[in-house]
Colleague: 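My questions all concern the structure below.
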Amino acid sequence: GQNIDQPTEMTATEGAIVQINCTYQTSGFNGLFWYQQHAGEAPTFLSYNVLDGLEEKGRFSSFLSRSKGYSYLLLKELQMKDSASYLCAAIRQNFVFGPGTRLSVLP
Amino acid sequence: GAVVSQHPSWVICKSGTSVKIECRSLDFQATTMFWYRQFPKQSLMLMATSNEGSKATYEQGVEKDKFLINHASLTLSTLTVTSAHPEDSSFYICSASPDWVQGSSVDSPLHFGNGTRLTVT
């Protein structure tokens with residue numbers, strides 16, 4: 001199968017740091033993407049990992065461990081506008097999304 | 001660059017009718033496009049992989065006769081919801097990447113259309 005797991009919901013405070021985890025089955029794996037999606041809108045690309053390690057892009061960073069089938073998205077200096085769903089997607093023969101994590105940023 | 005256009009943005013149709021949704025890659029060629037549907041507060045569910053010049057690959061549980069996919073050119077894929085019913089009401093969204101190669105994506109994310117909100121009455 002292509003089981004991808006994420007926590008359903010998370011809450012954090014403005015200005016804080018939050019880590020959103022994603023686990024997946026490792027067979028046939030070719031890479032992992034993170035997307036942000038606001039309600040009623042199309043997903044927007046955040047980050048992409050093919051090799052193990054940390055990729056940093058401003059306030060967003062993503063980490064990958066291929067042997068463990070594990071990734072996380074790190075959001076720093078949280079802003080209210082970061083309240084959204086965060087989706088990880090694993091690439092194999094196609095492009096399948098995880099269930100998404102709804103993040104609520106509180107003042 | 002890498003813009004994907006989807007049309008219409010929303011559509012309301014009567015039960016039993018068919019609805020066609022278009023997905024175009026505006027500034028790149030896409031041999032592969034992906035079609036997803038999304039119910040409220042749920043994630044994107046991959047319905048099918050659209051392949052230019054050949055049959056689409058449908059995910060398990062998706063009826064190929066109900067959701068007709070045609071990928072007749074390198075810039076256009078269409079999804080037709082046939083004999084629509086109220087339970088087909090959903091958000092349908094397509095995506096493509098200029099660098100997608102079967103089984104991998106070469107350092108390029110998928111780009112999404114803005115989605116089509118279908119309501120069947």
Side-chain angles (χ1 to χ4, degrees), chain A residues 1-10 20 22-24 27-51 53 55 57 60 62 64 66 71 73 83-104, chain B residues 1-7 9-10 23 30-51 56-62 69 90-119:
Chain A
Q2 301 187 57
N3 290 341
I4 304 174
D5 292 315
Q6 299 179 238
T8 304
E9 293 187 12
M10 297 183 72
I20 303 173
C22 172
T23 59
Y24 60 90
S27 60
F29 174 79
N30 284 314
L32 191 133
F33 286 94
W34 282 95
Y35 282 80
Q36 178 192 64
Q37 187 181 27
H38 287 96
E41 298 181 9
T44 55
F45 169 71
L46 291 178
S47 187
Y48 169 53
N49 295 76
V50 177
L51 301 176
E55 292 284 338
K57 279 190 175 185
F60 298 91
S62 60
L64 178 67
R66 289 173 297 171
S71 174
L73 179 70
S83 293
S85 287
Y86 291 86
L87 311 171
C88 64
I91 302 167
R92 298 182 181 85
Q93 293 297 316
N94 50 28
F95 202 99
V96 177
F97 283 88
T101 298
R102 284 195 303 278
L103 174 66
S104 299
Chain B
V3 177
V4 175
S5 174
Q6 189 171 338
H7 178 82
S9 299
W10 58 270
C23 182
T31 56
T32 302
M33 291 185 177
F34 299 98
W35 286 97
Y36 298 85
R37 69 186 293 183
Q38 186 175 34
F39 292 106
K41 295 187 177 181
Q42 294 188 21
S43 187
L44 297 164
M45 184 195 81
L46 180 65
M47 298 176 67
T49 302
S50 173
N51 303 300
T57 304
Y58 289 82
E59 296 299 304
Q60 192 173 8
V62 178
I69 290 174
S90 187
F91 186 60
Y92 293 86
I93 191 165
C94 68
S95 67
S97 168
D99 296 325
W100 178 264
V101 175
Q102 181 83 22
S104 68
S105 182
V106 185
D107 200 26
S108 174
L110 284 187
H111 298 276
F112 286 84
N114 285 330
T116 298
R117 187 159 303 282
L118 170 64
T119 302

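Each chain gets a letter, A, B and so on, in the order its sequence line appears, and its residues count up from 1. Computed from a predicted structure; not experimentally measured.
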Colleague: Residues in side-chain hydrogen bond (donor to acceptor under 3.5 Å, both in side chains) with A/Glu41, at least two apart?
Modeller: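 Applying side-chain hydrogen bond (donor to acceptor under 3.5 Å, both in side chains) to A/Glu41 gives none.
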
Colleague: Quick one: CZ on A/Phe45 to OG on B/Ser97, what's the gap to the nearest 0.5 Å?
Modeller: 10.0 Å

Colleague: Tell me, side chain or backbone of B/Leu44 under 4.5 Å from chain A's heavy atoms, or both, or neither?
Modeller: both

Colleague: Checking heavy atoms, do the side chain of B/Gln38, its backbone, both or neither come under 4.5 Å from chain A?
Modeller: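 Just its side chain gets close to chain A.
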
Colleague: Is it true that atom NE2 of B/His7 has more than 12 heavy atoms of other residues, nucleotides or ligands lying nearer than 6.0 Å?
Modeller: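 Count not over threshold, so no.
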
Colleague: Could you label the plane-to-plane angle of the A/Phe95 and B/Phe34 rings as parallel, tilted or perpendicular, counting under 30° as parallel and over 60° as perpendicular?
Modeller: tilted

Colleague: Which distance, rounded to the nearest 0.5 Å, do you find between the CG of B/Leu110 and the CZ of A/Phe97?
Modeller: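 It is 6.5 Å, given to the nearest 0.5 Å.
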
Colleague: If you take all heavy atoms of A/Leu87 and B/Ser43, which pair is closest and at what distance?
Modeller: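 Distance-wise, the nearest heavy atoms are CD2-OG, 3.6 Å.
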
Colleague: Which pair of non-hydrogen atoms, one from A/Ala42 and one from B/Asn114, has the smallest distance, and what is that distance?
Modeller: CB-CA, 4.1 Å

Colleague: Under the salt bridge (charged side-chain N to carboxylate O under 4.0 Å, His left out) test, which residues partner A/Arg66, sequence neighbours left out?
Modeller: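 Listed in chain order: A/Asp52.
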
Colleague: Checking A/Gln37 against chain B: side chain, backbone, both or neither under 4.5 Å from a heavy atom?
Modeller: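 Contact with chain B: side chain only.
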
Colleague: How far apart are the closest heavy atoms of B/Phe91 and A/Gly40, and which atoms are they?
Modeller: CZ-O, 4.2 Å

